[in-house]
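As the structure is a computational prediction, the values presented were derived from the model and not from experiment.
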Amino acid sequence: MKKNSLTKLLQLMSFILLVSVVMVSCKKDDDPKPDPEPIVEDGIYLKGAGTALTTYDIKGLLKPTKNEVNQSDRASLLDIYVAIKGGADGFNIVKVAGATKTTYGPGAGFGVVGEADRIGDEPKHDFWRGAYAVTETKFTVPADGLYHVALDTELNKIVIVPVHTWGLIGAATPGGWGGSTPMAPQAFDLNTMTFEATNVTMTKADFKFRYSDGWKVVIDPDLDLGGGVVGVRVNTNFGGAVNALVPGGANIANETSGKYTAKMVWKLGEGYTATMTKTGDLDLFNYTNTQLGLIGNGLIVDGAQHNWDVTVMVQAPVVENETNYTWTYSGVEVTTEGSFKIREGQSWDGKSFGYPQVVMAGLAADKFTTNNDGNFVPTENGTYDIVFKIDAVTEIYTFTVNPAGAAPEMYILGDGSLAGWDNNAALPMAGTDGIYSITTTLNGAGKYIKFITTLGQWEPMYGTNASGTSSGGPLVYRAVGDPDPASIPTPDVAGLYVVTINTNDMTYSIAAPLYMLGDGCAAGWDNTAALPMFTSGNGVYFLKTTLAAAANIKFITNLGQWEPMYGTNATGTSVAGPLVYRPVGAPDPANIPTPATGGMYVVTADITNLTYTIAPAK
C-alpha cells in the first residue's frame with residue numbers, strides 16, 4: 001500500500017515539473033522583449049544602405065561650416081563628405097531631437113544642376129540642388145564615389161556634389177590660378193578614399209586644394225544677410241595649411257620648390273588629411289621670356305581704380321648672370337580700397353606672385369600687407385617705384401618698393417647676405433638721415449658683408465676694421481679712390497638678423513630681429529605683417545613710425561609666431577614703462593598703450609634692461 005502511494009506521488013511530481021517547463025518555454029517564445037532604441041546625440045544625421053552609415057552613427061553627424069559669401073560660420077549651414085554607392089540604396093537625412101526622429105528626402109524642385117544653371121565658380125560636373133522634405137524617399141546617386149552633402153536648416157535646401165577629383169591650384173602649381181592639377185581618386189571605399197597626384201612641379205608660391213574644379217556651391221543666391229551681403233554658399237576648397245585645412249581658408253604657402261606627391265585622404269567621420277611630399281628637385285626655370293605686369297583693384301590707372309581683368313605695365317625682365325631677373329615698375333599709384341598681384345600676360349594660366357611669396361624690401365616695405373588671397377594690400381595711398389627680382393637658383397623673389405623718386409640711400413651685399421658680392425643685386429636698406437636697417441638672412445660663419453650707396457658701384461663703401469665683430473663695431477668709410485676697408489663678419493649661426501648702421505657716429509650692429517605689431521601701428525594684429533625694428537646694439541631696438549591714437553602695441557621675435565613676445569604690466573604707460581617677456585607657453589603680458597594723439601613717434605625697446613619708451617619724432 002505504501003509502495004503504491006509513493007509511486008503515485010513521484011508520478012504526480014514529474015507531471016507538475018514537465019508542465020512548468022512547457023509553460024516557461026511558451027512564455028519565452030511567445031512574449032519576446034524588443035531591442036532597446038539606440039541612444040543618439042541630438043543633431044542632423046546622414047543614414048542609409050548606400051553608405052557605411054546604415055545605423056545612427058556619430059560619424060554621420062553633419063557639422064556647421066562657413067558661408068563662403070562672408071567666410072563666417074553659419075550655424076544653420078551643415079555639411080559632410082561621404083562615400084555613396086550608386087543605385088537605389090541611397091540615404092536619408094534624419095533629424096534627431098530627443099526621442100523624436102524625423103526623416104527627410106528630396107523635396108520640391110530637387111534635381112540636377114546642369115552647366116547652364118551653374119555660376120562660373122561652381123564645380124564643373126553636374127550636381128543636385130533643391131528643397132528637402134519629410135519623406136521616406138531616399139536621395140540616390142548614379143555612380144559610386146565620394147560626395148559632398150550640404151544643407152541649410154533655415155532655408156530647407158540641400159546640395160549633393162560629386163567629388164570627381166581633388167586638385168591643386170595656385171601660383172605654385174603648373175596651371176597657376178587658371179586651372180587645377182588633378183589628384184585622381186584611387187579605389188572606391190565606403191570608409192576611406194585617397195586622391196593622389198605624383199611628380200607635380202611646385203614652385204615657391206601659394207596654392208589651394210579644390211574639388212571638381214570649383215570654388216563654391218550656391219545654396220541660395222538671394223538671402224539678405226545685412227550690410228549688403230547676400231546669399232549662402234558652401235566652400236568647395238581648402239586653404240589654411242597642409243596640416244591644418246580650413247574650408248575657404250587663406251592661400252597655403254609652398255616654401256620649397258620641387259617635385260611633389262600630393263595626397264588628400266578622406267576618412268568617414270574624420271574628414272580630410274593632406275600631405276605634400278617632396279620627391280625631387282626642379283630644373284632651373286628660364287624667366288627670360290616671362291612678361292610680368294601688375295593687376296588688381298589696388299592700382300590707380302589713368303586716374304581711375306583699376307580691375308582684375310587687364311594686366312598693366314607688362315614687360316620682359318632684365319637678365320643678369322643668366323639666373324637673375326629684374327622687372328621695374330616706376331610711378332605705380334596704389335589705393336587702400338583694393339589689392340593687386342604680379343601676373344604673367346593677360347590670363348591666370350601663367351605665373352603670378354603675391355605678398356606671401358616675396359621678400360619685402362625698400363623704404364616703403366611697411367606700407368603693404370596681405371589678405372587671404374595673398375595679394376599686395378596697400379596700407380597707405382601713394383605712388384611708388386617697384387622692383388621685382390627673381391633669383392632662379394634659390395627661387396627667392398624680392399619685392400622692393402620705394403616712394404616714387406626716393407631710391408634707397410644704402411645697400412647691403414656680400415657672401416654673408418642673399419645678394420652675394422654682386423653690386424647690382426645689393427639689397428636696399430630702410431632708413432634715412434644716416435641711420436639704415438634691414439632685417440634679412442645672413443649666411444653664417446666665415447661669411448662677410450659690406451655696404452654701398454649706389455647699385456652697381458663699389459665706391460663709396462662702408463666696411464670695418466680689425467676691431468669689428470659679428471655683433472657690432474666701427475664703420476670705416478671708403479671714398480672714391482680709397483683702398484677697401486675690411487669686410488664685416490656675419491654671425492656663426494645662419495638665420496634672420498637685423499643689421500643697422502649709423503653713418504653719423506660710424507657704428508654698426510647685428511642682432512636677432514624684433515618686430516612691432518598691434519592695432520596701434522600699420523601692421524595691425526597680423527603677426528605675419530609685423531614691422532621690423534632697427535637696432536643700435538646691446539639689445540636696444542627702435543622704429544620711427546606712425547602710431548594710432550589710444551591703441552596698443554607689442555613686440556615679437558619671429559614673424560608669424562606669437563611667442564616669444566614682449567608686452568608690459570599695469571605700470572606701463574603711453575610714454576614709457578617696463579617690458580614683460582613672454583616665453584613659449586607663458587600667458588600674454590599686457591598690451592603697451594599708444595599716446596592719446598596719433599602721429600609720428602619713435603618707439604624704443606630695450607630687451608636687455610626690459611624697458612620701452614615712446615616719444616614724438618623730431
Side-chain angles (χ1 to χ4, degrees), residues 171-172 176 203-205 257 282-296 299 301 306 310-334 340-355 357-365 368 376 383-415 417-430 438 440-441 449-461:
T203 59
K204 184 182 177 183
S257 298
L282 292 184
D283 297 329
L284 292 185
F285 188 86
N286 185 346
Y287 290 91
T288 302
N289 298 316
T290 304
Q291 299 206 7
L292 299 178
L294 307 177
I295 185 169
L299 305 171
V301 177
H306 196 51
V310 179
T311 313
V312 296
M313 306 180 78
V314 178
Q315 59 188 263
V318 174
V319 184
E320 299 171 282
N321 299 329
E322 297 184 347
T323 60
N324 293 300
Y325 305 86
T326 302
W327 295 259
T328 301
Y329 309 98
S330 300
V332 179
E333 187 176 358
V334 301
F340 65 94
K341 271 189 172 176
I342 299 170
R343 183 172 81 164
E344 180 181 0
Q346 297 298 337
S347 79
W348 291 105
D349 296 335
K351 293 187 175 296
S352 62
F353 304 89
Y355 186 98
Q357 287 79 57
V358 305
V359 176
M360 294 295 295
L363 303 177
F368 294 83
F376 297 97
T383 303
Y384 300 93
D385 294 334
I386 296 171
V387 176
F388 181 57
K389 290 189 176 184
I390 295 179
D391 182 336
V393 175
T394 61
E395 284 292 335
I396 290 173
Y397 315 133
T398 304
F399 187 90
T400 302
V401 55
N402 295 293
E409 300 173 9
M410 193 68 64
Y411 299 84
I412 184 174
L413 80 169
D415 59 357
S417 75
L418 297 175
W421 287 113
D422 181 356
N423 62 8
N424 287 300
L427 306 178
M429 302 178 72
I438 185 172
T440 187
T441 298
I449 56 173
K450 284 184 174 179
F451 309 97
I452 58 175
T453 61
T454 306
L455 276 180
Q457 298 181 21
W458 290 111
E459 303 163 321
M461 172 193 286

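- A distance of 6.0 Å separates CD1 of Ile396 from CG of Asp391, quoted to the nearest 0.5 Å.
- Residues meeting the side chain to side chain contact (heavy atoms under 4.5 Å, CB included) test with Ala404, sequence neighbours left out: Thr383, Asp385.
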CA sep, side-chain torsions, deciding dist, call: Thr453, Glu409, side chain to side chain contact (heavy atoms under 4.5 Å, CB included) | CA-CA 6 Å; Thr453 61; Glu409 300 173 9; over 6 Å; no
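- By the 4.5 Å heavy-atom criterion applied to side chains, Thr203 and Phe285 are not counted as neighbours.
- Residue Lys204 holds its NZ atom at 8.0 Å from OG of Ser257, rounded to the nearest 0.5 Å.
- By the salt bridge (charged side-chain N to carboxylate O under 4.0 Å, His left out) test, Lys389 pairs with no residue at all, sequence neighbours left out.
- Ring pair Tyr287/Phe353 is tilted by interplanar angle, where 30° to 60° counts as tilted.
- The closest side-chain heavy-atom distance from Val387 to Thr326 is below 4.5 Å.
- The nearest pair of heavy atoms linking Leu413 to Ala426 is CB-CB, 3.9 Å.
- Between Phe340 and Phe368, the two ring planes are perpendicular [angle over 60°; tilted spans 30° to 60°].
- In terms of heavy-atom proximity, Asp415 sits nearest to Trp421 at N-NE1, 3.3 Å.
- Under the side-chain contact (heavy atoms from CB on, under 4.5 Å) rule, Phe376 has a single partner from Leu294, Ile386, Ile342, which is Ile342.
- Checked against ring-ring contact (aromatic ring centres under 6.0 Å, His included), Trp348 has no partners two or more places apart in sequence or in another chain.
- How far CE of Met410 is from CG of Leu427: 14.0 Å, rounded to the nearest 0.5 Å.
- Side-chain contact, Gln357 with Tyr355: no donor N or O sits under 3.5 Å from an acceptor N or O.
- Nearest heavy-atom pair across Val314 and Gln346 is CG2-NE2, 3.9 Å.
- Residues satisfying the side chain to side chain donor-acceptor pair (under 3.5 Å) criterion with Glu459, sequence neighbours excluded, are Arg478.
- Closest heavy-atom contact between Ala392 and Tyr325: CB-CE1, 3.9 Å.
- In this structure, Glu344 has no side chain to side chain donor-acceptor pair (under 3.5 Å) partners at least two apart in sequence or on a different chain.
- Taking CG of Leu418 as the start and CD1 of Ile438 as the end, the distance is 8.0 Å to the nearest 0.5 Å.
- Taking 4.5 Å as the limit, every side-chain heavy atom of Thr454 sits out of range of all side-chain heavy atoms of Tyr411.
- A distance of 10.0 Å separates CG in Asn424 from CD in Gln457, rounded to the nearest 0.5 Å.
- Across all their heavy atoms, Pro428 and Ala361 have their closest contact at CG-CB, 4.1 Å.
- In terms of the ring-ring contact (aromatic ring centres under 6.0 Å, His included) criterion, Tyr329 has no residue partners (sequence neighbours excluded).
- Closest non-hydrogen pair, Gln315 versus Thr328, comes out as NE2-O, 2.8 Å.
- Inter-residue side-chain proximity for Met360 and Val401 is flagged as met; some heavy-atom pair is nearer than 4.5 Å.
- Rounding to the nearest 0.5 angstrom, the gap separating the CD atom in Glu333 from the CG atom in Leu299 is 9.5 Å.
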